[in-house]
Number of protein chains: 6
Amino acid sequence: MKISMIHIFVTIILVAAHMAIAESDMLQDFCVADLSNGLKVNGYTCKDPAKVTADDFYYVGLASAAATGNNTMGSVVTAANVAKVPGLNTLGVSISRIDYAPGGLNPPHLHPRASEAIFVLEGRLFVGFLTSSGQLISKHLNKGDVFVFPKALLHFQQNPNKAPASVLAAFDSQNPGAQAVGPSLFGANPPIPDDLLAKAFGIGPMEIQKVKGKFPAKK
Amino acid sequence: MKISMIHIFVTIILVAAHMAIAESDMLQDFCVADLSNGLKVNGYTCKDPAKVTADDFYYVGLASAAATGNNTMGSVVTAANVAKVPGLNTLGVSISRIDYAPGGLNPPHLHPRASEAIFVLEGRLFVGFLTSSGQLISKHLNKGDVFVFPKALLHFQQNPNKAPASVLAAFDSQNPGAQAVGPSLFGANPPIPDDLLAKAFGIGPMEIQKVKGKFPAKK
Amino acid sequence: MKISMIHIFVTIILVAAHMAIAESDMLQDFCVADLSNGLKVNGYTCKDPAKVTADDFYYVGLASAAATGNNTMGSVVTAANVAKVPGLNTLGVSISRIDYAPGGLNPPHLHPRASEAIFVLEGRLFVGFLTSSGQLISKHLNKGDVFVFPKALLHFQQNPNKAPASVLAAFDSQNPGAQAVGPSLFGANPPIPDDLLAKAFGIGPMEIQKVKGKFPAKK
Amino acid sequence: MKISMIHIFVTIILVAAHMAIAESDMLQDFCVADLSNGLKVNGYTCKDPAKVTADDFYYVGLASAAATGNNTMGSVVTAANVAKVPGLNTLGVSISRIDYAPGGLNPPHLHPRASEAIFVLEGRLFVGFLTSSGQLISKHLNKGDVFVFPKALLHFQQNPNKAPASVLAAFDSQNPGAQAVGPSLFGANPPIPDDLLAKAFGIGPMEIQKVKGKFPAKK
Amino acid sequence: MKISMIHIFVTIILVAAHMAIAESDMLQDFCVADLSNGLKVNGYTCKDPAKVTADDFYYVGLASAAATGNNTMGSVVTAANVAKVPGLNTLGVSISRIDYAPGGLNPPHLHPRASEAIFVLEGRLFVGFLTSSGQLISKHLNKGDVFVFPKALLHFQQNPNKAPASVLAAFDSQNPGAQAVGPSLFGANPPIPDDLLAKAFGIGPMEIQKVKGKFPAKK
Amino acid sequence: MKISMIHIFVTIILVAAHMAIAESDMLQDFCVADLSNGLKVNGYTCKDPAKVTADDFYYVGLASAAATGNNTMGSVVTAANVAKVPGLNTLGVSISRIDYAPGGLNPPHLHPRASEAIFVLEGRLFVGFLTSSGQLISKHLNKGDVFVFPKALLHFQQNPNKAPASVLAAFDSQNPGAQAVGPSLFGANPPIPDDLLAKAFGIGPMEIQKVKGKFPAKK
């Protein structure tokens with residue numbers, strides 16, 4: 001019988017595991033995300049205000065550089081978004097730290113729900129974004145420089161130096177999201193048909209297969 | 001004991017059955033409406049992302065013209081809104097198909113939560129909207145024409161021809177809503193008092209009763 | 001075993017007890033706050049539309065002046081916000097009545113989520129707000145006058161007369177909130193350290209203690 | 001040459017005559033409407049902050065009841081919106097005063113851009129709004145009562161007494177707008193064709209002509 | 001003196017040449033875009049309301065299929081956005097027609113400012129979008145089917161048949177924008193460096209050069 | 001005649017001197033602020049897209065610590081907002097750098113238009129914010145820590161150490177604004193009357209005069 005009880009609790013937790021809320025105008029001082037509530041809405045449901053503590057607004061995970069060693073692209077994004085800092089729920093802001101190995105690349109990607117402003121913590125970077133009309137807006141940055149990427153446009157950061165680099169990035173969304181072109185198109189699950197990608201990039205299916213080999217499909 | 005277990009599960013489902021969400025800024029890639037959840041919020045709660053399929057973003061119900069035969073006004077609106085396409089939840093867009101019998105009329109109405117852009121699929125139409133200052137902006141449309149009705153202003157479409165007509169309508173809301181003047185004022189439940197309507201339209205209570213007879217009160 | 005069952009139900013109810021909704025764009029005609037639902041979201045979850053009545057949109061509590069007698073500041077704010085008028089949920093508007101004793105003061109405060117427009121119901125007032133650049137915009141008001149305070153800026157109303165005064169205030173939020181400088185800084189719970197406040201106001205810790213004595217910490 | 005000078009000034013004024021601004025999030029403390037600037041944007045352009053005074057946030061026009069005598073409906077709306085109080089520009093809030101003669105009616109209308117909360121200053125009222133599904137939500141109000149009308153839904157206020165009445169109305173828009181059904185449909189300029197209205201209300205063109213006679217077309 | 005006059009006019013035109021407006025909440029019934037005003041704001045400045053006509057809300061350009069013959073991808077998008085239909089300014093909605101040659105492809109792209117709902121006017125399509133977590137959500141569509149692509153996520157439509165196809169697309173933005181991956185990354189102006197793209201896609205600079213050859217840089 | 005010409009130019013400049021734009025939804029890829037355009041709207045008018053360069057999205061002013069020496073509070077805020085980085089216009093995000101001398105204090109203040117997330121670049125801090133209900137939420141931070149302050153609530157940061165400290169702050173507004181309690185209330189121009197402040201803080205006018213002496217009125 002105890003096993004059945006556990007089943008019940010697990011079911012409750014699973015059922016409870018699917019809710020959230022809108023980034024829109026706040027309707028109270030704060031609505032700290034109840035990350036353990038399975039009920040999903042647009043964003044997250046709120047934790048009982050009486051149980052909110054300073055730790056809900058605090059995060060320590062950006063303090064040190066991530067290991068960029070075993071990473072194909074030589075870059076690692078560490079997000080302090082609502083999934084990590086529940087107090088960010090409904091606040092409309094979040095930050096990330098990005099670390100780059102020498103020669104590392106944060107490859108072309110976009111954030112569907114946010115503009116981004118970066119501050120170079122360390123090293124140098126070559127950065128750029130693409131406009132809808134096909135213009136590349138790019139810049140070489142030094143330590144302490146600030147650069148801005150408009151909402152949902154393709155952009156990248158490259159470390160052209162032999163020393164590591166890192167930036168702090170500010171977003172106007174509690175959960176900006178990210179869609180990298182390479183992994184998205186060539187590592188989709190299920191895969192996008194070869195002939196479709198071949199036509200899209202003007203190359204042969206064999207070459208598409210080769211690129212797909214670089215991006216193992218996610219599961 | 002098994003019965004008790006069922007009770008528990010039923011209770012969980014019932015409790016879980018009452019939520020929903022804001023059209024505002026999206027806070028994740030999508031929040032497919034969990035139409036079976038009774039819990040109501042501004043919009044709908046989200047379906048478990050692991051259970052989302054392409055069918056949540058798909059709808060077949062606009063494919064053919066609705067029967068306009070047994071319809072007083074000679075027009076039928078078929079909506080592909082969030083109640084029909086759960087994937088529209090939080091996306092801020094929806095579409096409808098409107099079919100008109102020869103001489104059919106989509107009578108003066110307004111959408112409290114959306115502007116509307118129509119494309120004439122078939123036939124001809126006389127369309128118009130009213131500004132706050134009492135101006136009528138109207139136009140005769142042919143197949144393939146586009147026309148726009150600003151948010152929450154009274155507007156209409158009339159088929160002046162002997163052939164059927166149909167349009168596809170785009171809205172900037174997952175659930176634009178609609179309030180037709182005739183049925184709303186003369187078929188309200190409970191009814192609006194005759195003397196109030198008589199004064200509002202400058203006619204006698206007898207004439208109000210006559211018009212009310214055309215719009216049987218909803219239940 | 002029955003006790004365990006009760007535990008389960010209690011857990012379900014507690015889990016269910018924490019949800020609500022966004023002021024953003026409305027996604028249905030209305031979403032009357034279900035104030036009894038413990039589930040919290042940004043705002044409130046919606047009451048079953050079939051159970052909504054006119055009383056959900058109605059409030060009688062602003063009809064008469066509040067007693068300003070046993071009040072240090074000589075002013076009382078009576079809010080008709082979403083917590084009192086559940087129909088206001090998602091509507092983006094609310095009103096308050098403020099009553100002032102002779103010489104009464106609604107001391108410097110701000111509403112984090114709303115601009116405010118007041119109408120003087122009775123008496124005279126000296127009112128003002130402060131801009132980000134330190135300018136005081138102030139005015140002497142008579143009965144029937146209207147004045148506006150921009151969103152989230154510090155402002156006050158003072159009754160300089162020997163007769164009572166009262167205003168009706170309109171807000172563009174269902175729950176504007178309020179943060180009064182004196183009670184917030186000097187009556188916080190737990191208290192803000194004396195040395196911090198002493199430095200902030202350029203006075204000694206002894207004087208800070210004296211002011212703190214006027215604002216007993218909330219619990 | 002003087003004529004050329006006039007041409008230049010006229011040109012400036014015409015060019016200047018087409019701009020305004022969004023109610024959306026404010027991007028500075030305030031943006032007092034420059035009502036004299038002909039350039040129109042969504043809302044209004046801003047007055048030079050250095051020339052802003054307390055009078056920009058002040059209005060005296062709601063102090064006394066409007067004359068309801070020479071008014072068919074027996075009701076007069078006096079708005080304190082952005083066109084009267086330039087400081088309201090971008091603030092997202094405004095108020096109105098409505099005065100009712102004995103038996104007066106503010107006939108069925110809607111505000112395309114705002115919800116409304118009213119406070120009864122004087123007298124008694126019978127008020128109501130219609131839902132999209134045709135339900136009438138109505139209430140009899142006394143002095144001091146509050147009632148709420150959701151955004152863009154048809155609603156009305158009627159003074160059923162032999163004494164005058166008046167309310168103060170709060171809106172979540174600097175310019176809520178208003179569209180009254182009677183004048184809009186039957187007094188449009190140019191007029192809506194008789195046959196269209198006849199079909200919409202299920203009565204004859206003669207009767208439509210009669211109603212149109214009550215609402216002379218605006219110019 | 002005439003030269004001075006010209007200077008003045010040129011100055012007026014230059015000053016006038018930089019304004020536009022927010023899609024956010026509308027602040028008047030409509031704000032028809034003054035496409036001839038050089039002043040740019042977020043969106044467009046408004047045309048003088050006295051000069052607004054029904055044609056400002058009308059467009060004929062979607063009536064017939066575009067020629068897909070001399071098009072590498074075999075697809076053509078014809079937009080009825082604010083640049084074509086000035087009445088759409090501030091309304092938050094627009095539509096497009098997309099025509100596909102047999103075997104045609106609307107290659108992977110995203111709309112930075114809108115979700116999209118399509119209705120198949122003619123033919124069959126294979127469509128899909130990619131989630132942030134790398135999942136492909138795809139579907140085979142027939143004439144009359146509806147499908148939805150969430151905001152700012154990569155998506156495509158392919159005509160797998162030997163007959164032409166066409167769709168009508170609804171967007172929740174007056175100017176959704178579009179960024180196609182192939183032309184953006186491989187046809188940027190100035191070009192994205194070969195080594196950066198080579199690393200991003202895991203192929204050699206020679207192969208990048210080959211793909212770039214398919215997308216001549218825009219000017 | 002020359003005088004008339006000057007009049008014309010002056011008129012043009014004055015007319016031009018009053019416009020700006022909404023942070024709301026973007027209506028194009030970007031709208032780089034035309035900081036030199038005197039016309040003010042909600043935000044700023046847009047620079048000619050053809051003249052936009054990478055430098056519009058770039059800022060170097062946060063690279064080094066500001067001098068905190070000749071500063072009463074021992075803290076300096078350096079903003080990279082839209083006034084410094086014109087590309088931020090309409091993007092809804094900005095960042096600041098704050099430097100603290102040993103013992104320095106960023107005294108109680110609020111941002112009327114933004115939530116804030118900070119990252120400690122160097123040193124240690126004691127930080128906190130106040131809720132509407134008078135609770136103090138505070139935390140001691142170390143280098144690399146993240147903390148969040150909800151929108152428009154009073155908050156502070158104090159450097160309790162003998163070493164300097166600095167943070168990078170992210171805001172969800174292109175122009176968050178700031179209102180510090182001390183300078184706002186005690187250094188307003190024109191001044192807030194002594195008796196009003198005396199009543200607000202429960203102390204005597206003499207003590208108010210003393211505090212006012214610490215905050216010379218702005219001009």
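Labels below follow one simple rule: chain letters A, B, ... track the order of the sequence lines, proteins then strands, and each chain is numbered from 1.
Here the shortest heavy-atom pairing between C:S132 and F:A178 reads OG-O, 3.5 Å. The shortest non-hydrogen separation linking F:L136 to C:A188 is CB-CB, 4.3 Å. The shortest non-hydrogen separation linking F:P108 to C:L185 is CB-CD2, 3.8 Å.
In terms of heavy-atom pairs under 4.5 angstrom with chain C, the leader among F:H109, F:H111, F:E207, F:M73 is F:M73. In terms of non-hydrogen atom pairs under 4.5 Å with chain C, the most contact-rich of F:L105, F:L197, F:L196 is F:L196. Taking F:P160, F:G74, F:A200 one by one and counting their heavy-atom pairs under 4.5 Å with chain C, the maximum is reached by F:A200. For the set C:N106, C:I203, C:L110, C:I137, the entry with the most heavy-atom pairs within less than 4.5 Å of chain F is C:L110.
With a threshold of 4.5 angstrom between heavy atoms, F:S138 does not approach chain C through any atom at all. With a 4.5 angstrom heavy-atom cutoff, F:K210 touches chain C only via side-chain atoms. At a 4.5 Å heavy-atom cutoff, the contact between F:P191 and chain C is made by backbone atoms alone. If you measure heavy-atom distances from F:F201 to chain C, the contacts under 4.5 Å come from both the backbone and the side chain.
Looking at C:K151, its side chain never comes within 3.5 Å of a backbone N or O of F:R113 through a donor-acceptor pair. A donor-acceptor pair is defined here as one N or O able to donate and one able to accept, closer than 3.5 Å; no such pair exists between the side chain of F:K199 and the backbone of C:P107. When atom types are taken as modelled, the side chain of C:Q179 and the backbone of F:L130 share a donor-acceptor pair closer than 3.5 angstrom.
Annotation: the span from C:D195 atom CG to F:F126 atom CZ amounts to 9.0 Å, rounded to 0.5 Å.
Around the NZ atom of C:K214, the shell of radius 6.0 Å holds no more than 12 heavy atoms that belong to other residues, nucleotides or ligands.
Within the 4.5 Å cutoff, the side chain of F:Q135 has no heavy atoms near those of the C:N189 side chain.
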